Participant: 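Dumping the structure here so I can ask a few things about it.
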Amino acid sequence: MRRILLILVAAVLAIAGTTAAAPAAPSVAKAPAVVKAPAVVKAPAVVKAEAATQQYGTHPRQSLNITWNPSPAPRPVVILITGGYWYTHATWGTWEKQFADQGFQVFAMKYRLNFEAAWPAQRDDVASAVKWVRDNAERYDADPDNVLLLGSSAGGQMATDAATRGTNSLGLKGIVALSPVASPYRAWQDGNTSTNDKIRKLRDNSTLLARCYPDPADNSTANRDTGCWDTWRDMESKNAVTKGDAPMLMVHSDGDFVPPVHSTELEAAAKAAGVPASNVATRIVTGSTAHGGSLLGTPGMFDTVVSWLKARTS
């Protein structure tokens, strides 16, 4: 019996020894932790403008009424410069929307009037408005490199001035001027011999703009930064033409109270200075007394203007 117990004990010890000597199972290596790539920080989205009106200067009248359509690609800019004898601001009616529907981002500007600021404040306002539009172009899906002007009557004079001043110093693609008072001095002369109220009103407001009556012998600087006669000469677009001026399309009716000679004289001066004939032209609507913005309503003229503007954008 003792022999059997000894055999059993020996067997148990043998089994225990075998178990103790067995090598430990190799540990399973853990897969390295997945390192996540840092999140890409996106640039903040450009906030599209919501306000219809913005200020481009500190004066209450230095404003832009904006009519624009969101677009995946920047659209050309048309800055509208209203007329009103430099004394008030005429309205554009539905033309702002109609130009926007033709693929332009439209900025209708107002400016300081002649009883508030003498010339060249209005020229400075055009330059400030152009700069503001370029600086804020992305907010309105607008192309800062494709800026055009369209001015009516007194605003047409401001547009032709911008085209000819400093060899297109504003970098404009072109301007359209409807009934531009391109020669305020001629407007003053016409007003002295006419009984037409509008022509006489244009004479009086040209004088208020310059702050003096035109007289070659008077070059005083009272009420203005430059001499009187120098101011009148400076308001004449034809006195500043150079070969590199912005392209110009000028439009009148043959019965316009701002006669076509304002533009034909400017056109002749531009061509004499070397501006290509393809870059300056005067269109005359016959059998009509339409003036300024109303010229866009004459047969085919809106389409003509739109086609001309589009042809100047890159």
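The structure displayed is predicted, hence computed values, not measured ones.
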Participant: Applying salt bridge (charged side-chain N to carboxylate O under 4.0 Å, His left out), which residue pairs with at least one partner in residues 158-167 are found, sequence neighbours left out?
Facilitator: R123-D161, D161-R165, R165-D234
Participant: Apply side-chain contact (heavy atoms from CB on, under 4.5 Å) to residues Y213 and W188 and explain how you reach the verdict.
Facilitator: CA-CA 9 Å; Y213 297 105; W188 183 82; 3.9 Å; yes
Participant: Just how far is it from atom CG of L266 to atom OG of S237, taken to the nearest 0.5 Å?
Facilitator: 5.5 Å
Participant: Can you tell me how far apart CZ (R312) and CG (L249) are? Round to the nearest 0.5 Å.
Facilitator: 8.0 Å
Participant: Let me confirm one number: the CZ-CG distance from F115 to N205, rounded to the nearest 0.5 Å.
Facilitator: 9.5 Å
Participant: For the backbone of G227 and the side chain of T231, can you confirm whether one donor and one acceptor N or O come within less than 3.5 Å of each other?
Facilitator: yes
Participant: Taking the side chain as everything from C-beta on, heavy atoms only, tell me whether C212 gets closer than 4.5 Å to S220.
Facilitator: no
Participant: Treat each ILVMFWY residue as a node, draw an edge where side-chain heavy atoms are under 4.5 Å apart, and state whether L80 and L64 are in one component.
Facilitator: no
Participant: Between Q122 and L209, is the side-chain contact (heavy atoms from CB on, under 4.5 Å) condition met? List the steps.
Facilitator: CA-CA 9 Å; Q122 294 72 23; L209 183 67; 3.4 Å; yes
Participant: Donor-acceptor check, side chain of E265 to backbone of A269, threshold 3.5 angstrom: yes or no?
Facilitator: no
Participant: If I compare all heavy atoms of V258 with all of L202, which pair ends up nearest, and what's the gap?
Facilitator: CG2-CD2, 3.8 Å
Participant: Would you give the length of the straight line joining atom CG of N114 to atom OG1 of T88, rounded to the nearest 0.5 angstrom?
Facilitator: 10.0 Å
Participant: Heavy atoms, side chains only, cut-off 4.5 Å: are N279 and M248 in contact?
Facilitator: no
Participant: What's the verdict on side-chain contact (heavy atoms from CB on, under 4.5 Å) for I81 and L150, showing C-alpha distance, side-chain angles and the deciding distance?
Facilitator: CA-CA 6 Å; I81 313 174; L150 192 157; over 6 Å; no
Participant: Can any side-chain N or O of S194 pair as donor or acceptor with the backbone N or O of G191 at less than 3.5 Å?
Facilitator: no
Participant: Look only at the side chain of S153 and the backbone of G83, and say whether a donor-acceptor pair between them is shorter than 3.5 Å.
Facilitator: no
Participant: Report yes if the side chains of I79 and L148 come closer than 4.5 Å at any heavy-atom pair, otherwise no.
Facilitator: no
Participant: So, for Y185 and W229, is the gap between ring centers shorter than 6.0 Å?
Facilitator: yes
Participant: Counting the benzene-type ring for Trp, do F107 and Y56 have ring centres under 6.0 Å apart?
Facilitator: no
Participant: Would a hydrophobic clustering, with Ile, Leu, Val, Met, Phe, Trp and Tyr connected at side-chain separations under 4.5 Å, put L170 with V275?
Facilitator: yes
Participant: When you look at CZ of R233, are more than 12 heavy atoms from neighbouring residues, nucleotides or ligands closer to it than 6.0 Å?
Facilitator: no
Participant: Can a salt bridge be assigned to the pair R200 and D204 using a cut-off of 4.0 Å between side-chain N and carboxylate O?
Facilitator: no
Participant: Of the non-hydrogen atoms in N146 and T313, which two are nearest, and what is the gap between them?
Facilitator: OD1-CA, 3.4 Å
Participant: Does the side chain of W119 come within less than 4.5 Å of Q157's, by heavy atoms?
Facilitator: yes
Participant: So does E267 pair up with K238, basic N to acidic O under 4.0 Å?
Facilitator: no
Participant: Could you check whether any side-chain heavy atom of L295 comes within less than 4.5 Å of a side-chain heavy atom of V285, counting everything from C-beta outward?
Facilitator: yes
Participant: Check whether the ring centres of H89 and Y111 lie less than 6.0 Å apart, and answer yes or no.
Facilitator: yes
Participant: So, the side chain of S71 versus the backbone of A73: is there a donor-acceptor pair under 3.5 Å, distance only?
Facilitator: yes
Participant: Return the CD to CE distance between Q62 and M109, rounded to the nearest 0.5 Å.
Facilitator: 8.0 Å
Participant: Please report the closest heavy-atom contact between A142 and V77, naming both atoms and the distance.
Facilitator: CB-CG2, 3.5 Å
Participant: When you group the ILVMFWY residues by side-chain heavy-atom contacts below 4.5 Å and let the links chain together, are I284 and V280 in the same group?
Facilitator: no
Participant: Any chance you could lay out the side-chain hydrogen bond (donor to acceptor under 3.5 Å, both in side chains) test for D245 and T164, step after step, and finish with the verdict?
Facilitator: CA-CA 5 Å; D245 290 343; T164 57; 5.2 Å; no
Participant: After noting the C-alpha distance and the side-chain angles of S253 and T289, does the key distance pass the side-chain hydrogen bond (donor to acceptor under 3.5 Å, both in side chains) rule?
Facilitator: CA-CA 6 Å; S253 66; T289 59; 5.9 Å; no
Participant: Would you call E236 and R186 a side-chain contact if the rule is heavy atoms closer than 4.5 Å?
Facilitator: no
Participant: Do K173 and V147 pass the side-chain contact (heavy atoms from CB on, under 4.5 Å) test, and can you show the C-alpha distance, the side-chain angles, and the key distance before you say yes or no?
Facilitator: CA-CA 6 Å; K173 289 295 185 178; V147 177; over 6 Å; no
Participant: Cluster question for you: counting only ILVMFWY and a side-chain heavy-atom cut-off of under 4.5 Å, with indirect links fine, are W86 and I199 together?
Facilitator: yes
Participant: Angle class for the W95/F99 ring planes (parallel below 30°, perpendicular above 60°, tilted otherwise)?
Facilitator: tilted
Participant: Is the closest side-chain donor-acceptor distance between S263 and H252 under 3.5 Å?
Facilitator: yes
Participant: Do Y87 and M235 sit in one hydrophobic cluster, given that two such residues count as connected whenever their side-chain heavy atoms are within less than 4.5 Å of each other, even indirectly?
Facilitator: yes
Participant: Might you point out which heavy atoms bring P76 and G103 nearest each other, and give the distance in Å?
Facilitator: CD-O, 3.6 Å
Participant: Should the pair K201-D197 be classified as a salt bridge under the 4.0 Å nitrogen-to-oxygen rule?
Facilitator: no
Participant: Test the R134-W132 pair against the cation-pi criterion, namely NZ or CZ under 6.0 angstrom from the six-membered ring centroid and within 45° of the ring axis.
Facilitator: no
Participant: Side chains of S288 and T298: is there a donor and an acceptor less than 3.5 Å apart?
Facilitator: no
Participant: So which atom in P180 and which in H262 form the shortest heavy-atom distance, rounded to 0.1 Å?
Facilitator: O-CB, 3.5 Å
Participant: List the atom of V106, the atom of A100, and the distance in Å for their closest heavy-atom pair.
Facilitator: CG2-N, 3.6 Å
Participant: Establish, from distance only, whether the side-chain atoms of S63 and T53 form a donor-acceptor pair under 3.5 Å.
Facilitator: no
Participant: Determine yes or no for a side-chain-to-main-chain donor-acceptor pair under 3.5 angstrom, with T82 supplying the side chain and A90 the backbone.
Facilitator: yes
Participant: Are Q105 and V78 side-chain neighbours, meaning at least one heavy-atom pair lies under 4.5 Å?
Facilitator: no
Participant: At what distance, to the nearest 0.5 angstrom, does CG of L113 lie from CZ of R61?
Facilitator: 4.5 Å
Participant: Would you mind reporting whether P259 and D190 have side-chain heavy atoms less than 4.5 Å apart?
Facilitator: yes
